[in-house]
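Below, chain A is the first sequence line, B the second, and so on; all start at residue 1.
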Amino acid sequence: MSDKAEKSKNLTFTPVIGIEIHIQLRTKSKIFCTCSADYTNDEPNSHICPVCMGLPGSLPVLNRAVVEQGMLAGLALNCSIVSPTLFFRKSYYYPDLPKGFQITQSDLPIAAGGWLDISDDAGNPKRVRINRLHLEEDVGKLHHSASDGRLEGAESSWVDYNRSGLPLAEIVSEPDISSAREAVEYVTTLRRRVRYSGASDVDLEKGMMRFDANVSMKCSDGRWGRKVEVKNMNSFHALERAIEFEIRRQTKLLEDGGEVLQETRHWNDAKEITRASRVKEFYRKFIVEPDLPPMVVSPEWVESVRETLPEMPEKKAERYVNLGLTPVDAAVLSDSLDVAEYFEACVAAGANPLRAGNWTRTEVLRVLGERRIGAKDLPVRPEALAKLIGLIDDGRLSTTLGKTIFEAMLQGLSFEDAMKKSGAVEGGVGADALAKVVRRVLEANADVVGEIRPDTRGKKIKFLQGLVMRETKGQARADEVVAAIEAALNSK
Amino acid sequence: MKLDSDEVRAIAMEGRLSLTDAELQGAVRYINNFLEMVDRFKELDLKDVEPFAFAESVECPLREDVVGVFRDRDEILAARPATGPFFSVPRIMEE
Amino acid sequence: MQLHELSVREIASGVRGRKFSALEVFEDCLGRSAACEGKVSALITTTADAGRQRARRIDERIARGEDPGPLAGVPVILKDNICTRGVRTTAGSRILGDWAPPYDATVWALLQDAGAVLLGKSNMDEFAMGNTCGTSAFGPTANPWDVARVPGGSSGGSAAAVAAGYVPFALGSDTGGSIRQPASYCGICGLKPTYGMVSRYGLIAYGSSLDQIGPFTRNVGDMALVMGLLARQDPKDSTSTCGTRGECFAELQDDLKGRRVALVRDFRDFTLDPGISEAMKKTIAALERAGAEMMEVSLPTVGRYAVACYYAIAASEAHTNLARFDGVRYGYTVNSSAGMKDMFQEVRSHGFGSEVKSRIIAGTCLTEPVRSEQYYVAATRVRTLIAREFAEAFENADCILQPVTPSLAPKIGEVDDDAMKGYESDLYTLPVNMAGLPGYSFRAGTDADSGLPVGLQLVGPRWSDGRLLSAGLALEKILGAPVIAGGGN
């Protein structure tokens, strides 16, 4: 071991991490042309036109919805909206980039100076600052397999420009993140808020959210390691693993007395390693995009967008805890806006918050997961669920029967039809009807009644109560049943 | 500032251009004349001068978010020999 | 008088009034172009068949009692950097190969709507980079007044075609003088409109913040007529900002009483060819006769920095505009198994000519991160000073009268294409684009020695295009309208 390495042994290294996230904004058409932004499952190169193909003579025209969604996402990340801003041309040569430059706001972004609160590894609150959110266009997609699908021996790569010109927001954090776990919490929090805002569906499987991470190591002797940019992570898991890998790699290099090279590395998802980019990082040259005058958003526009922003998940969770829910339940219920709104509608319709929370967290979420639908598409509307919960709470329905009715509603039946089908009657069992059932049960179980002694009274009544409940299909309230049995026994 | 032929060749590569020797000579002369000319900017105090972006205070027009289909997509594809629905390029090794 | 000698207005009214047919006009113009092309070579593509078909359709519409529009049956030539659907568009370069755009430039769509008939696409300096037509991949074009001389550039083909009488009007593009200079060399009218007056959609870009499409005509009335049709705000071009300003072309006033026409003090000591000095004197006298007041303005920053500033901006924008030519999607390509980077390099190295390559290198160089602040960003700041200086000058003056070039059309092959020397001769044209101003180039006389036409230009504040043409009308009444050149015959 060299002296240098020996000396390094006693030093500690702290990771310094910044994250760049690309999200696809939710619009109908592309950012600079009218081609459809929804290309999932469509034939390659089916959504192309002179503009997104960069044909000579074509010019970009900015989509209003992109500006609006950009503002919305920015506001959801506590950013300030900047106006006026400009677009630039970022030049590099690559076949997926039809014009040889990407139109991007880059350093003059529409939103800047935001932050998100997460917790550090010790569980203490931590604020991650967001430098900016800027708008830009996406590039096409390269496919590297041969035309018959084989990967090996292919002589060509293939380009599909359907994605070219999709609207993106790039969100750049300050280097405030210190671990892979923090990174994942940061992106999870960010994703949740952006989805809440409606600015993007942030569907990771559809590539609507992609990550790059800048990782460097700060040495306990005050020195800073060089910054490494890790690219190509498309899932939370990949982000976490890539950062972990990079921290290990850089720490080992520094401990051994080596140096970290400033470079771009690519995450290889299959091998779970980062590898130095074979292509030297391109020169990134910027000039003002002369085809787009400065973009101006009025304060009125900003305010009207701000007004459409829903209450954010952390606020909701806080409120739910105040309603008596556990922090875990509150977090689960507030994770996505449609579920939170479902839960809140249920409570607003009169359901007990704890019960509504339970039902939403278990039954509703289960069905949403099974059916892969949003809460808005659930056949059981929150008002119906509230009614159901009310009946169960009143003891007019057993939980079991409640679930049967819930299932029936899931099949598309109305609340009333579901009740009928399950043999339940709205309003429960009347006192007369109950007295009748009790009489019948007592008669049929005269032997049990005969065995009632002071020391067995409670147990026997409980047994009889169960029988009555079964007879009434759980629609009678337990306390009323007991009272009716007592009354019948006493009248003997 | 003067550039030598190696520097000019390197810049040309950035622009994905390879030059013949004659072209390189011409380009070196051209670029050095050019730089001599733009070096004049040093005479000016530009610190407080805003960069010129557009001839007057115009705002970027915004279009409504409406989908329109370009009907002559086939003509765009026809500019290249048929490779199915794709454009083909020499194989790129994935990084 | 033969049909090809008629003006835009005369042809349209003749066709609409059934004095002659659109097809007759087209055939006569085609015949004229065929007679001259051998020596002039103004066209890269001639659209004889498509043009005949279209002329016939216009005649049919007239027979049915319909009105095909204010340009009914008027033949037109478009510079070959203006996209025409289904018609090869080359920008004077090899790199576009046989590419036929799948769409029409907005200007061509507007002209078609007005009833115009395409006769061909004209030769130009490659990607509009040059001022002689000599950088075209399709060979040079000759000046129809003297086929040993250049027609100017970059829109030399369009200018030569109008001067030689192929068509009564043509479109060019002007990034730093590319309409005004060839108009001057060829002795016709050329207008570089205010930036934003005419849509650039479908114009293959050179310097996007400088480029503007404009017409060549043989009289100022035709210029106003054509501009009245082209000056339309276009939702496809975000820098098209003319609003309703196209109305300024509706009626021209030839009374210049009280109009203040300025000469630039800083240009006073520059050398001019005697024929040009003479034309300046005659034109000043004519302006005064029409009621104008002569005065002086000063443009010191323009004089010293505009040329440098222009080339810095133009090259910076150009190298990004030309980055799309990589052989992947359209145009010239090669089969390369060596790899992506080699393919790009091969396509671009064979596809572009040396002038274009030099300017791409210059633009790449000036915008490299290490030099950008010093050169590209500095140039954008200098541009602010230039625009400001013009704006101040126009607080006192209504327009500026100045030469287009300091000398007459040079002989082919005798042009000193060693960069900067030629560039100093651009001083009269480039600054106009820097500030987004209109510039009107007109025939002011004939050089006594050579018999070559002499052009001068009027430059005004933004959106004063109509007033420039009004002054042009007053001058045309005194100095006479352009006549058709021999075209080598």
Side-chain angles (χ1 to χ4, degrees), chain B residues 1 3 7-9 11-20 22-23 26-31 33-44 46-56 58 60-63 70-81 87-93, chain C residues 99-100 102-103 195-196 209 235 238-239 241 304-305 307-309 311-312 315 319 323 326 328-331 333 336-346 348-349 352 354 357-358 360-362 364-366 368 374-375 377-385 387 418-420 423 435-436 462:
Chain B
M1 191 175 83
L3 295 181
E7 287 169 302
V8 173
R9 201 187 284 280
I11 294 168
M13 293 291 247
E14 286 296 328
R16 297 296 181 271
L17 295 169
S18 51
L19 304 176
T20 63
E23 278 177 332
V28 170
R29 204 174 56 216
Y30 182 100
I31 196 77
N33 281 338
F34 204 110
L35 289 175
E36 191 186 310
M37 184 172 67
V38 289
D39 269 330
R40 280 189 190 178
F41 297 157
K42 287 183 190 145
E43 301 164 6
L44 292 165
L46 298 170
K47 190 162 83 261
D48 299 324
V49 184
E50 280 292 303
F52 179 98
F54 289 84
E56 54 200 33
V58 266
C60 188
L62 301 171
R63 70 175 173 82
F70 182 68
R71 279 169 304 168
D72 301 311
R73 172 188 86 108
D74 290 349
E75 289 181 37
I76 298 180
L77 293 172
R80 276 289 160 268
F87 290 83
S88 80
V89 293
R91 176 149 166 75
I92 300 166
M93 309 302 283
Chain C
W99 183 64
Y103 71 104
Y195 186 83
S209 73
S238 300
T239 64
T241 51
R304 178 145 180 83
Y305 302 101
V307 174
C309 184
Y311 277 96
H319 98 277
D326 56 17
V328 175
R329 291 160 300 276
Y330 45 80
T333 193
S336 177
S337 53
M340 198 66 248
K341 200 173 168 184
D342 294 291
M343 173 190 164
F344 280 19
Q345 217 152 282
E346 227 174 295
R348 292 167 65 80
S349 301
F352 290 133
S354 52
K357 285 184 200 171
S358 290
I360 290 174
I361 295 168
T364 309
C365 174
L366 299 191
E368 299 241 322
Q374 187 184 352
Y375 294 124
V377 179
T380 64
R381 294 184 205 276
V382 175
R383 190 173 179 184
T384 299
L385 297 179
D418 186 11
M420 305 308 134
Y423 292 172
R462 284 176 59 75

Any idea how C:Y305 and B:F41 line up, ring-wise: parallel (<30°), tilted (30 to 60°), or perpendicular (>60°)?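 Plane angle between 30° and 60°, so tilted.
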What option among [options] has the most heavy-atom pairs under 4.5 Å with chain B?
options: C:D326, C:V377, C:T333; result: C:T333
options: C:A378, C:S209, C:P235, C:A323; result: C:A378
options: C:A100, C:S354, C:A362; result: C:A362

For [X], is it the side chain, the backbone, both or neither that has a heavy atom under 4.5 Å from a heavy atom of chain B?
X: C:M340; answer: both
X: C:A315; answer: side chain
X: C:I361; answer: both
X: C:T241; answer: side chain
X: C:A387; answer: side chain

Of all the heavy-atom pairs spanning [X] and [Y], show the shortest one and how long it is.
X: C:Q374; Y: B:D39; answer: NE2-OD1, 3.9 Å
X: C:V307; Y: B:M37; answer: CG1-SD, 4.0 Å
X: B:V38; Y: C:A312; answer: CG1-CB, 3.9 Å
X: C:S358; Y: B:A27; answer: OG-CA, 4.1 Å
X: C:T380; Y: B:P51; answer: OG1-CB, 3.3 Å
X: B:P61; Y: C:S238; answer: CD-O, 3.5 Å

[Y] side chain reached by [X] side chain, heavy atoms, under 4.5 Å:
X: C:P102; Y: B:F70; answer: yes
X: B:V58; Y: C:T239; answer: no
X: C:K341; Y: B:R16; answer: yes

To the nearest 0.5 Å, what is the distance between [atom1] on [X] and [atom2] on [Y]?
X: C:E346; Y: B:S18; atom1: CD; atom2: OG; answer: 8.0 Å
X: B:E43; Y: C:R304; atom1: CD; atom2: CZ; answer: 4.0 Å
X: C:Y311; Y: B:Y30; atom1: OH; atom2: OH; answer: 6.5 Å
X: B:L46; Y: C:L385; atom1: CG; atom2: CG; answer: 6.0 Å
X: B:L3; Y: C:C365; atom1: CG; atom2: SG; answer: 5.0 Å
X: C:R381; Y: B:K47; atom1: CZ; atom2: NZ; answer: 11.0 Å

Can any side-chain N or O of C:T384 pair as donor or acceptor with the backbone N or O of B:F52 at less than 3.5 Å?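 A pair under 3.5 Å: yes.
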B:L17 versus chain C, the contacting section by heavy-atom distance below 4.5 Å: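 It is both, since atoms from each part get that close.
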So for B:L62, is it side chain, backbone, both, or neither that comes closer than 4.5 Å to the heavy atoms of chain C?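 The answer is neither part of B:L62.
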Near B:E50 CD, under 6.0 Å, is it more than 12 heavy atoms from other residues, nucleotides or ligands?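 No, because the 6.0 Å sphere around CD of B:E50 holds 12 heavy atoms or fewer from other groups.
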Take C:V382 and B:R40, measure what side chain to side chain contact (heavy atoms under 4.5 Å, CB included) needs, and give me the verdict at the end. CA-CA 10 Å; C:V382 175; B:R40 280 189 190 178; over 6 Å; no
Return the set of residues passing ring-ring contact (aromatic ring centres under 6.0 Å, His included) with C:F344 (not counting sequence neighbours), or none when no residue passes.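 Partners of C:F344 by the ring-ring contact (aromatic ring centres under 6.0 Å, His included) criterion come out as none, since no residue qualifies.
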Test salt bridge (Lys or Arg N to Asp or Glu O under 4.0 Å) applied to B:E23 - qualifying residues, sequence neighbours left out: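 Applying salt bridge (Lys or Arg N to Asp or Glu O under 4.0 Å) to B:E23 gives C:K357.
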